[in-house]
J.: 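Take a look at the following structure, please.
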Amino acid sequence: MATTHDSTPPGLQQAAYDSVRSRLQALIQTDTDWVAAMATVACELHNAFENYHWTGFYRVVSSGHLQVGPYQGGHGCIDIAFGRGVCGTAAANLTTIRLDDVNTFPGHIACSASTVSEIVVPVLNRKGRLVAVFDVDSDLPHAFNDVDQSQLEQICSWLGQGWGPV
Ligand code: SME
C-alpha cells in the first residue's frame with residue numbers, strides 16, 4: 001500500500017519500511033547481480049511511498065565520478081562529479097545529506113524543477129569502499145524524516161555489503 005508521511009503515524013511509516021525490507025529480502029537472492037539488486041531496491045521503495053518522486057542510484061564508475069544507475073521517475077542527469085550537487089557532496093564526504101528544501105543547498109543540481117526535498121545516502125561495499133549513492137527526491141517539502149533516514153541507511157548498508165562490487 002502506498003503511503004504518505006504527512007498523514008502517516010510513525011508506526012505505520014515504520015511498518016511500511018518493514019514490509020519493503022521483507023519484499024527485498026524475498027526478491028534479492030545471493031546470486032542476484034548488483035544492477036538487478038539496485039533496480040529492485042529502487043522499484044520497491046519508489047512504489048511504497050507516494051512522496052518518493054525520483055528514486056535511484058548514482059554509481060561510482062571511476063575515481064571521483066558518479067553516473068546514473070537504476071532509477072524510477074523522470075529523467076535523471078547522467079554524470080555527476082564528486083563534490084558537485086547533493087549527490088556529489090554526499091559521495092565526497094561519505095555522509096547522508098537530508099534536505100527539507102533543496103533551495104537551501106548551494107549547487108543543488110535541479111534535474112527536475114519540481115523537486116523540493118531530497119535525501120542522499122552513500123552505499124559502501126563490504127570493504128567499506130563507496131560504490132554508489134542512493135538518491136530520493138520529492139516534490140513535497142520536508143518529505144523525509146528520521147525514520148526515512150535510518151531505514152534508508154539500513155537498506156543501503158545491507159545492499160552495499162551484500163551486493164556492492166568489491
Ligand atoms: N538533485 C541531485 C541530482 C540528481 S537528480 O535530482 C536525479 C543533486 O543535486 O545531486
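For ligands, and for the atoms within them, numbers begin at 1 and follow the listed sequence.
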J.: Any side-chain donor paired with an acceptor under 3.5 Å for Y71 and D135?
T.: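 Distance-only check fails for Y71 and D135.
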J.: Side-chain contact test, heavy atoms from C-beta onward, threshold under 4.5 Å: evaluate it for V60 versus H65 and give yes or no.
T.: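 Heavy-atom side-chain distance check fails, nothing below 4.5 Å.
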J.: Which residues pass the ring pair (Phe, Tyr, Trp, His ring centres under 6.0 Å) test with W158, not counting sequence neighbours?
T.: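 Scan of W158 (ring pair (Phe, Tyr, Trp, His ring centres under 6.0 Å), adjacent residues dropped) gives W163.
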J.: Do E153 and T96 get their side chains close enough for a donor-acceptor pair, meaning under 3.5 Å?
T.: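 Short answer, yes.
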J.: Looking at R98 and D146, is any side-chain nitrogen of the basic one under 4.0 Å from a carboxylate oxygen of the acidic one?
T.: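 Looking at D146 and R98, the cut-off is met.
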J.: Could you go through ligand 1 and list every pair where one of its N or O atoms sits under 3.5 Å from a protein N or O, giving the atom names and the distance to one decimal?
T.:
residue: ligand 1; atom: 1 (N); partner: H108; partner atom: NE2; Å: 3.2
residue: ligand 1; atom: 1 (N); partner: I109; partner atom: O; Å: 2.9
residue: ligand 1; atom: 1 (N); partner: E118; partner atom: OE1; Å: 3.3
residue: ligand 1; atom: 1 (N); partner: E118; partner atom: OE2; Å: 3.2
residue: ligand 1; atom: 6 (O); partner: D137; partner atom: OD2; Å: 2.8
residue: ligand 1; atom: 9 (O); partner: V86; partner atom: N; Å: 3.0
residue: ligand 1; atom: 9 (O); partner: I109; partner atom: N; Å: 2.8
residue: ligand 1; atom: 10 (O); partner: V86; partner atom: N; Å: 3.0
residue: ligand 1; atom: 10 (O); partner: C87; partner atom: N; Å: 2.7

J.: Got R84 and I109 here, is their nearest side-chain heavy-atom distance under 4.5 Å?
T.: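 In short, these two side chains touch, coming nearer than 4.5 Å.
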